[in-house]
Protein chains: 2
Amino acid sequence: MLSEGRKKNRVTLLDVARHASVSRATASLVIRKSPLVSTETRAKVEAVMQELGYVYNMGAARLRADRSLTIGVVIPNLVNPFFTELLAGIDRVIDAAGMVVILVNSGDLVARQETLLTRMREHGVDGIILCPAAETEMSLVEKMVEWDLPLVQVLRRVTDDCDYAGVDYAFGMRQAVDHLAELGHRDIAFALHGPVHSAYQERVDGFRDAMQARGLDPENVIRVPHQIAAIAEAAGLFTKGSRRSSAVVCFNDVVALGLSAGLYDLGISIGRDFSLVGFDDVADAEAMRPRLTSVATFPEAIGEGAGKLLLDRLAQPDLAPRKLVKAPQLHIRQSSAIWRGSSLGRQQESG
Amino acid sequence: MLSEGRKKNRVTLLDVARHASVSRATASLVIRKSPLVSTETRAKVEAVMQELGYVYNMGAARLRADRSLTIGVVIPNLVNPFFTELLAGIDRVIDAAGMVVILVNSGDLVARQETLLTRMREHGVDGIILCPAAETEMSLVEKMVEWDLPLVQVLRRVTDDCDYAGVDYAFGMRQAVDHLAELGHRDIAFALHGPVHSAYQERVDGFRDAMQARGLDPENVIRVPHQIAAIAEAAGLFTKGSRRSSAVVCFNDVVALGLSAGLYDLGISIGRDFSLVGFDDVADAEAMRPRLTSVATFPEAIGEGAGKLLLDRLAQPDLAPRKLVKAPQLHIRQSSAIWRGSSLGRQQESG
DNA sequence: CAACTGATTTAGATCGATCTAAATCGTCGC
DNA sequence: GCGACGATTTAGATCGATCTAAATCAGTTG
């Protein structure tokens with residue numbers, strides 16, 4: 001059997017200690033780079049470790065020391081590029097701290113999320129970075145705090161009693177609306193989709209407040225489907241009927257990409273007949289043609305922030321809960337343009 | 001201290017056993033759903049576990065039983081949507097088996113990859129799914145086999161002595177070239193980029209063979225930059241100069257997206273003046289306008305395949321190495337069209 | 001030279017489960 | 001009523017590191 005072979009010839013700290021004629025305890029100190037051991041012993045032990053091909057056994061260490069150098073990351077969706085960039089940021093920070101990431105995907109389902117959190121706990125992760133699934137109860141987070149499991153909320157939050165790294169969505173929305181308003185647009189719609197969670201609500205509220213502040217209709221909010229192909233088909237919602245708009249602010253870049261495709265199919269020229277502003281500014285935004293004006297939310301930086309919050313908390317568990325709210329930044333590109341009369345309207349009326 | 005509190009009030013199997021008036025061993029059997037325990041004892045122990053809020057300690061179990069229900073996944077790049085979809089597939093299968101994924105990012109650097117593999121080994125993963133960084137030596141994989149660490153190569157391979165889940169790139173290239181040739185194109189270029197690895201080589205060879213089989217020039221292979229914005233700027237390579245092409249097969253959809261943007265900037269109409277075929281068919285391909293013809297490689301299915309290979313090997317370590325090579329499939333959309341004389345050429349000449 | 005440093009080193013208990021080998025129990029056949 | 005047998009249950013060793021508290025050692029000091 002392989003596993004037997006593996007077990008038999010595994011080199012343990014005891015083997016190392018014996019070969020180096022020191023005690024297990026000393027060998028352990030060497031591994032942990034304790035300053036207590038003398039330079040010669042250290043060298044001797046290290047040489048033996050090299051020679052025997054010793055492999056550190058985290059599992060044993062974890063059991064005794066009650067830390068695993070492991071953190072859990074729970075995100076609702078792997079394939080959205082936004083979350084991927086977030087993950088890359090988290091990974092960078094956690095990796096640099098010598099820890100590893102256990103990644104799970106909740107699919108935005110609370111039941112599943114609960115199972116996964118239990119599993120992480122059983123695996124003994126030192127902490128968790130969680131983007132709570134939509135409709136997550138506050139009690140869940142409170143339960144985890146009760147477990148003494150360090151937790152950082154990212155992008156979405158269900159309680160203030162716990163660290164949070166996210167985005168100032170309201171400010172982002174204001175920038176988007178102000179930009180379009182300054183270009184002369186008055187019929188501005190908000191296209192959104194997806195499950196309802198704090199980030200959703202903050203964007204909607206942000207849009208409404210910004211519109212209101214400009215004296216524009218804050219209720220021009222329209223739901224579009226989830227699948228990108230279906231979003232494209234829904235583009236007509238904004239160009240036909242009584243509620244015709246000349247510009248749309250999108251919930252995120254996925255919506256923007258879908259609408260962009262749909263408007264293309266309708267023969268409408270974005271950046272001329274119609275203005276489009278995305279949200280998040282994922283890499284695709286600059287690759288689109290016409291290039292997409294979008295509110296950058298810097299997911300990778302948010303991920304790094306979340307990672308740092310967690311590391312800080314591991315170092316000092318009694319810190320008061322902190323918030324890291326990043327200011328987004330509007331990137332103006334080709335998809336938004338000066339309002340030039342209702343060319344779109346005329347086109348429609350003549351048809 | 002929190003950690004002390006945590007340690008103190010942690011309920012262990014021994015606590016459960018005592019409360020249920022059984023031995024630690026019996027309680028352990030209950031957890032593992034052994035058929036050896038009687039129905040009543042099982043019910044009693046489970047009730048107590050519930051009541052005390054017992055949490056299973058994987059760490060302790062792992063130490064004794066020498067398995068961790070954990071697997072390592074090493075991929076070269078998190079932000080490429082292709083790898084994300086792959087990861088989603090792996091995650092689904094591994095998760096369904098009750099195991100979790102430890103994810104790390106090699107950045108396509110061999111040195112970093114080596115560090116990460118060591119780290120995974122220290123963490124005691126039960127197996128590894130590896131997409132080898134470019135220029136990975138065969139000896140690395142052999143070393144891991146020597147460690148008795150079950151390994152599956154995915155998408156790229158450096159040895160045949162080890163499981164592999166990947167794509168029949170040659171077949172994909174043949175479909176792309178045949179498609180364009182049948183539309184009447186003769187000046188077909190291959191646009192590629194990125195580090196050299198088995199998947200790279202197989203695509204290049206596949207393109208050349210397919211061109212040769214059609215009696216077309218197999219050497220029309222052109223390198224483009226890595227960044228998508230830079231790819232766009234390089235689009236002129238295909239439309240100007242002596243080596244003007246009427247169609248391009250792209251190394252992957254990222255290149256296709258970049259070239260699409262660049263051709264747009266040059267005022268060239270894709271699907272009319274010029275044909276473009278992508279590779280991989282990530283979700284973006286169908287969202288592009290004009291819709292991108294692309295060779296689907298089904299990354300999510302490949303991920304699932306890799307996961308299954310690994311699970312099988314964990315179950316039967318002595319299985320002979322297996323290969324799972326998925327046939328790609330051309331999805332014809334708007335970006336490729338019948339060759340209609342050199343309208344592009346004429347346009348250029350008149351300029 | 002005994003007592004007292006500070007710097008190293010160490011024996012042995014410990015973390016919380018699993019595994020082995022043996023004990024216990026009820027029942028059945030003779 | 002005794003040994004046997006299948007079904008349950010269990011005591012105790014074990015995995016491989018870390019932690020505690022104490023031992024050892026080389027210099028100093030009074």
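Values reported hereafter were calculated over all heavy atoms of this structure, with side chains retained and with hydrogens, waters and symmetry mates removed. Throughout, protein chains are lettered first and strands after them, A, B, ... in sequence-line order, and every chain is numbered starting at 1. None of these values were measured; they are calculated from a predicted model.
- Nucleotide dG16(C) holds its P atom 16 Å from the CE atom of Met49(B), rounded to whole Å.
- Looking at which nucleotide of DNA chain C each of Pro35(A) and Ala25(A) is closest to, the 5′-most match is held by Pro35(A).
- Heavy-atom nearest nucleotides on DNA chain D were determined for Leu63(B) and for Ser23(B), and the one closer to the 5' end corresponds to Ser23(B).
- For dT8(D), neither phosphate oxygen OP1 nor OP2 lies less than 4.0 angstrom from any side-chain nitrogen or oxygen of Ser38(B).
- A sub-4.0 Å separation between OP1 or OP2 of dG16(D) and a side-chain N or O of Arg10(A) is present.
- Remark: the backbone N or O of Ala111(A) is paired with a side-chain donor or acceptor of Thr115(A) at under 3.5 angstrom.
- Contact check, Thr26(B) against dT8(D): no side-chain N or O comes under 4.0 Å of OP1 or OP2.
- Picking from dA17(D), dT9(D), dT18(C) the nucleotide with the shortest atom distance to the side chain of Thr41(B) gives dT9(D).
- Donor-acceptor pairing under 3.5 Å is lacking for the side chains of Glu142(A) and Thr159(A).
- OP1 and OP2 of dA17(C) both lie 4.0 Å or more from every side-chain N or O belonging to Ser28(B).
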Item to complete: Evaluate the salt bridge (Lys or Arg N to Asp or Glu O under 4.0 Å) criterion for residues Asp15(B) and Arg24(B): first the C-alpha distance (whole Å), next the side-chain angles of each, then the deciding distance (0.1 Å), finally the verdict.
Response: CA-CA 9 Å; Asp15(B) 299 322; Arg24(B) 211 160 64 256; over 6 Å; no
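- Within the 4.5 Å cutoff, no side-chain heavy atoms of Val30(B) are placed close to those of Thr41(B).
- No engagement by Arg62(B) is indicated, since no non-hydrogen atom pair under 4.0 Å with the nucleic acid exists.
- In this structure, CG of Leu52(B) is placed 15 Å from P of dG16(C), rounded to the nearest angstrom.
- Position along DNA chain D of the nearest nucleotide to Ile31(A) versus Thr39(B) favours Thr39(B) as the more 5'-ward residue.
- Side-chain contact check for Leu324(B) versus Leu309(B): some heavy-atom pair is nearer than 4.5 Å.
- At least one side-chain nitrogen or oxygen of Arg32(B) sits closer than 4.0 Å to the OP1 or OP2 atom of dT18(C).
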Applying the Watson-Crick and G-U criteria (both distances under 3.5 angstrom) with [ ] for crossing and | for other-strand pairs, one obtains for DNA chain D ||||||||||||||||||||||||||||||
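- Set against dT9(C), dA13(D), dT8(D), the side chain of Arg64(B) has dA13(D) as its closest nucleotide.
- Checking dG16(D), dG12(D), dT9(D) against the side-chain heavy atoms of Leu29(B) singles out dT9(D) as nearest.
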